[in-house]
Amino acid sequence: MSTTQSERLRELLEPLVTSHGLDLEEIAVDSVGRKRVLRVVVDSDTGADLDRIADVSRALSAQLDETNAMGEGAYDLEVGTPGAERLLTEHRHFVRAVDRLVKFQLTEGGELVARILDVDDGGIDVEVPGVKGRKATTRRLGFPEIAKARVQVEFNRKDSKKDMKEEEEA
């Protein structure tokens, strides 16, 4: 049986989030001054647009009011997505980050910044950018080799598959 409020809320809300075609990524209850804030982070393989987030937010609010899961005190409900520099912790996160640049902290020490090319049950194939005119190289990382991984923001990437496809269509 769950013991923390976050675990109880996850058990209550996860089926509802899933019924909207989303994954419940994170749930947290924080105190901000005198207020409590329930933060719910959702995502899916195809992303979560504002309409989907609004729909699931209304459904979560109704469920919370009906069950009185947050108790009698006032609270704010915030529903959103993981953000641009999300931490990758689940297999599905790595799958969703294919073709993205990621900074890896390796279990044996050191860091690696590389682009995810492919993901399977055993690990990931990455492309390590070349340095000082050298060509990029590929490398295999097993999941046990990865201590931490976070997506990196790229503003001016010119060689993405999407950019090349758009240029071909023009």
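Scanning for side-chain hydrogen bond (donor to acceptor under 3.5 Å, both in side chains) contacts around Asn68 gives Glu72, with sequence neighbours left out. Asp65 meets the salt bridge (charged side-chain N to carboxylate O under 4.0 Å, His left out) test with no other residue; sequence neighbours excluded. Checked against side-chain contact (heavy atoms from CB on, under 4.5 Å), Arg58 has the following partners two or more places apart in sequence or in another chain: Ala54, Asp55. Scanning for salt bridge (charged side-chain N to carboxylate O under 4.0 Å, His left out) contacts around Arg139 gives an empty result, with sequence neighbours left out. Residues forming a side-chain hydrogen bond (donor to acceptor under 3.5 Å, both in side chains) with Glu26 (at least two apart in sequence, or on another chain): none. Partners of Thr18 under the side-chain hydrogen bond (donor to acceptor under 3.5 Å, both in side chains) rule, at least two apart in sequence or in another chain, do not exist in this structure. Scored by the side-chain contact (heavy atoms from CB on, under 4.5 Å) test, Arg150 finds Glu85, Leu87, Lys148, Gln152 as partners (sequence neighbours excluded). Residues passing the side-chain hydrogen bond (donor to acceptor under 3.5 Å, both in side chains) test with Asp118: none are found, sequence neighbours excluded. Under the side-chain contact (heavy atoms from CB on, under 4.5 Å) criterion, Asp120 pairs with Arg140, not counting sequence neighbours.
For the pair Glu127/Thr137, no side-chain contact is recorded, criterion being any heavy-atom separation below 4.5 Å from C-beta on.
Residue Ile124 is tested with Leu117, Val102, Val119, Val98 for a side-chain contact (heavy atoms from CB on, under 4.5 Å); the sole match is Val119.
To the nearest 0.5 Å, atom CZ of residue Arg100 and atom CG of residue Leu88 are 9.0 Å apart. The distance from the CD1 atom of Ile146 to the CG atom of Leu106 is 8.0 Å, given to the nearest 0.5 Å. Residue Glu11 holds its CD atom at 9.0 Å from CZ of Arg8, rounded to the nearest 0.5 Å.
There is a side-chain donor-acceptor pair under 3.5 Å between Thr46 and Ser44. In this structure, a donor-acceptor pair under 3.5 Å is absent between the side chains of Arg52 and His20.
Pairs of residues two or more places apart, or lying in two chains, that qualify as salt bridge (Lys or Arg N to Asp or Glu O under 4.0 Å) and include a residue from residues 89-98 are Asp23-Arg92, Asp23-Arg96, Glu25-Arg92, Glu25-Arg96, Asp43-Arg96, Asp45-Arg96. Listed by first and then second residue, the ring pair (Phe, Tyr, Trp, His ring centres under 6.0 Å) pairs that reach into residues 94-130 are Phe94-Phe143, sequence neighbours excluded.
One N or O on the side chain of Glu7 and one on the backbone of Thr4 form a donor-acceptor pair closer than 3.5 Å. No donor-acceptor pair under 3.5 Å is formed between the side chain of Thr138 and the backbone N or O of Asp125. Judged purely by atom type and a 3.5 angstrom limit, Ser61 has no side-chain atom pairing as donor or acceptor with the backbone of Ser57. Remark: side-chain polar atoms of Glu145 are paired, donor with acceptor, to backbone N or O of Gly142 under 3.5 angstrom.
In the hydrophobic clustering, Val40 connects to Leu9, Leu12, Leu13, Leu16, Val17, Leu22, Leu24, Ile27, Val29, Leu38, Val42, Ile53, Val56, Leu60, Leu64, Met70, Tyr75, Leu77, Val79, either directly or through intervening members, whenever side-chain heavy atoms lie under 4.5 Å apart.
Contact between Val113 and Val128 at its shortest, heavy atoms only, is O-CG1, 4.2 Å. Across all their heavy atoms, Ala28 and Ser6 have their closest contact at CA-OG, 4.2 Å.
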### Query
Would Asp30 and Arg36 count as a salt bridge (Lys or Arg N to Asp or Glu O under 4.0 Å) if you check the C-alpha gap in whole Å, the side-chain angles of each, and the deciding distance to 0.1 Å?
CA-CA 6 Å; Asp30 298 311; Arg36 290 180 303 151; over 6 Å; no
